[in-house]
Amino acid sequence: MINTTPQWQALSTLAEAQQGISLRDRFADDPTRAELLSIDVDGLHVDMSKHLIDADVVAALVDLANTAGLLDRIEDMFTGAHINSTEDRAVLHTALRLPAGSTLTVDGQDIPTDVHRVLDHMADFVRRVQSGEWTGHTGKQIRTVVNIGIGGSDLGPYMAYRALMGYRHEMIEARYVSNVDGTHLYQALEGIDPETTLFIVASKTFTTLETLANATSARSWLLDAVGGDESAIAKHFVALSTNAEGVAAFGIDTANMFEFWDWVGGRYSMDSAIGLSLMLATSPQHFADMLAGFHAMDTHFRTAPLAENVPALLGLIGVYYRNFLDFPTLAVLPYCQALDRFPAYLQQLDMESNGKQITLDGKRVPYDTGAIVWGEPGTNGQHAFYQLIHQGTTPIPADFIGFYEPDVDTVDHHDALIANLFAQAEALAFGKTSDEVRAEGVEEALVNHKTFPGNRPSTMIMAPKLTPFVLGQLVALYEHRTFVQGVIWGVNSFDQWGVELGKVLAKAIIGELTDGPSELAHDSSTNALIERYRAHHRR
Ligand code: G6Q
């Protein structure tokens, strides 16, 4: 295993040796540090100088990556090897953004041709909806699109819809329903007109309990509004899925289905047909621009040497923190309100991918894997949990994201926003010594309280503006960062048996809630909870 290699040992020794070196020292020793540890990729500026690293650590991390065979694994992914070994599938989300005319045949499928056929189908549909050529059952133009999906069929398009608020089509609003809690559907339907509403049922498998329950209720809501006329369904429901049979069984004409393939993992699917709601609420051109951003980052990841490769370096720094410095979490802090769902999106991407404890050859890992990913947009977090980042006992590496320009022309608070962003990263890195606090005239009893240890590492990611292209770059950056870590840890980042377990367990219990009384065979706690619920409903 990777932890028994000399390269792992070398990192362990380095981490030990560098324990006493502060970021203050590192910056004082080398005035070119910011320049040396920053990389620009197609307009994205990534400053890694406030990390607890130096050239030796970077070199040792690259050695570790080479030992883990990272370069071969990258090629395996891009060329369609079945790297999702537990499901015997290729992992080809990078092919979703290949330019038209590219060549890639995997398992007999001409991938770019199929991808662009679906993209053209989506663009044609969007054109018809936006122009009013496609209308609802009563001839009215579509004004609201409701995406019904969960997990990978919700988080990506929802995050991107909010991120690209400056690029929205003026006539179309999108809403997103994921939770099976009826309140979520109720909220999504509040105030909208069934005659001008299009439902998009987004489900790779078309078997997910939450999504089918929400879609069934949405169907009833629509039918109630049109006097039960089933022919209305064809004008108000489309599906995004790999399961044509399931779509047809639900009553959606497969002519109104936008397909994708089993080699697109749910959490890697926002740039597939799963992004239809985003394309409808923006435009095919904006969607294409986003795909170009993804592809630009893919190309960088596939071709840049590891020591200059942003997703590889960020992934490796994350491994360094997780395994050699014992930092268990990563905070993602966009100074951009439009990215308010970005941390939640990354939470799934990273934690569902690398929340694993079994290696590719079936053994229990003897080291930590996936970190806990969390975050909120700045500056809100500053007035809440940043306290723990500044002065808590466990260092929390942070990824800051900011833009030179605001994403929408509104009241101009941008200087204030960015001043906070830069100030936080600076304060976290350099802290405030007790002597500095004393020099401010603070009374002795409060000096320790007002001292900041510093040495809290962060990445600073800056771009000119949150455009569709930049959004694509950012998402691809984190997809590949996640992949790199999975390769080092030797786990399959592309299955999700824990999620599958949840789906099966809920299906078993739902019958027991409604069809009781029956013999319950759970533990005594679960049995009692089911009984109490039944008793409350007198079943
Ligand atoms: C993603 C996961 C999971 C999945 C949802 C929805 O990688 O597998 O979040 O996206 O469970 O699944 P369906 O799209 O099949 O409904």
Side-chain angles (χ1 to χ4, degrees), residues 77 83-94 96 118 146-160 176-181 184-185 199-218 237-250 252 257-278 341 343-356 370 373 475-476 478-483 485-486 491-507 510:
M77 175 170 73
I83 61 171
N84 177 355
S85 52
T86 59
E87 296 178 301
D88 191 18
R89 289 176 186 167
V91 173
L92 277 170
H93 45 276
T94 52
L96 296 169
V118 174
V146 180
N147 187 82
I148 301 176
I150 195 165
S153 300
D154 167 75
L155 285 158
Y158 183 37
M159 175 277 290
Y176 291 81
V177 183
S178 51
N179 200 329
V180 73
D181 183 339
H184 204 184
L185 184 64
F199 290 99
I200 300 178
V201 186
S203 177
K204 179 174 169 180
T205 56
F206 233 80
T207 57
T208 304
L209 181 144
E210 290 94 328
T211 299
L212 293 186
N214 278 323
T216 304
S217 299
F237 275 80
V238 299
L240 319 175
S241 191
T242 59
N243 177 2
E245 264 176 36
V247 168
F250 182 81
I252 297 178
M257 169 178 147
F258 299 83
E259 95 183 278
F260 57 114
W261 307 272
D262 69 0
W263 42 260
V264 184
R267 55 195 172 277
Y268 297 88
S269 68
M270 61 169 270
D271 47 338
S272 70
I274 288 293
L276 182 66
S277 59
L278 176 68
R341 294 297 291 167
Y345 171 77
L346 291 186
Q347 212 163 48
Q348 181 194 26
L349 175 66
D350 193 299
M351 293 169 74
E352 196 171 336
S353 295
N354 288 336
K356 311 281 164 67
V373 176
V475 174
Y478 280 94
E479 285 177 347
H480 299 323
R481 176 190 182 278
T482 302
F483 174 72
Q485 297 194 335
V491 298
N492 180 2
S493 301
F494 302 104
D495 60 10
Q496 55 282 317
W497 300 109
V499 174
E500 310 300 339
L501 173 73
K503 294 185 181 185
V504 176
L505 293 180
K507 277 185 181 152
I510 197 169

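In each ligand, atom 1 is the first atom listed, and ligand 1 is the first ligand listed. Just so you know, these numbers come straight off a predicted model, no measurement behind them.
For F494 and Y268, the ring centers sit closer than 6.0 Å to each other.
For the pair V118 and F260, the minimum side-chain heavy-atom distance is 4.5 Å or more. Residues N147 and I200 form a side-chain contact, since some pair of their non-hydrogen atoms from C-beta on lies under 4.5 Å apart.
In this structure, ligand 1 sits under 4.0 Å from heavy atoms belonging to I150, G151, G152, S153, S203, K204, T205, T208, G266, R267, Q348, E352, Q496, K503.
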What do the steps show when you test T86 against D495 for side chain to side chain donor-acceptor pair (under 3.5 Å), and what is the final call? CA-CA 7 Å; T86 59; D495 60 10; 2.6 Å; yes
Check the pair S493, N354 against side chain to side chain donor-acceptor pair (under 3.5 Å), reporting the backbone distance first and the verdict last. CA-CA 5 Å; S493 301; N354 288 336; 2.7 Å; yes
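Atom CD1 of residue I274 and atom OG of residue S241 lie 7.5 Å apart, to the nearest 0.5 angstrom.
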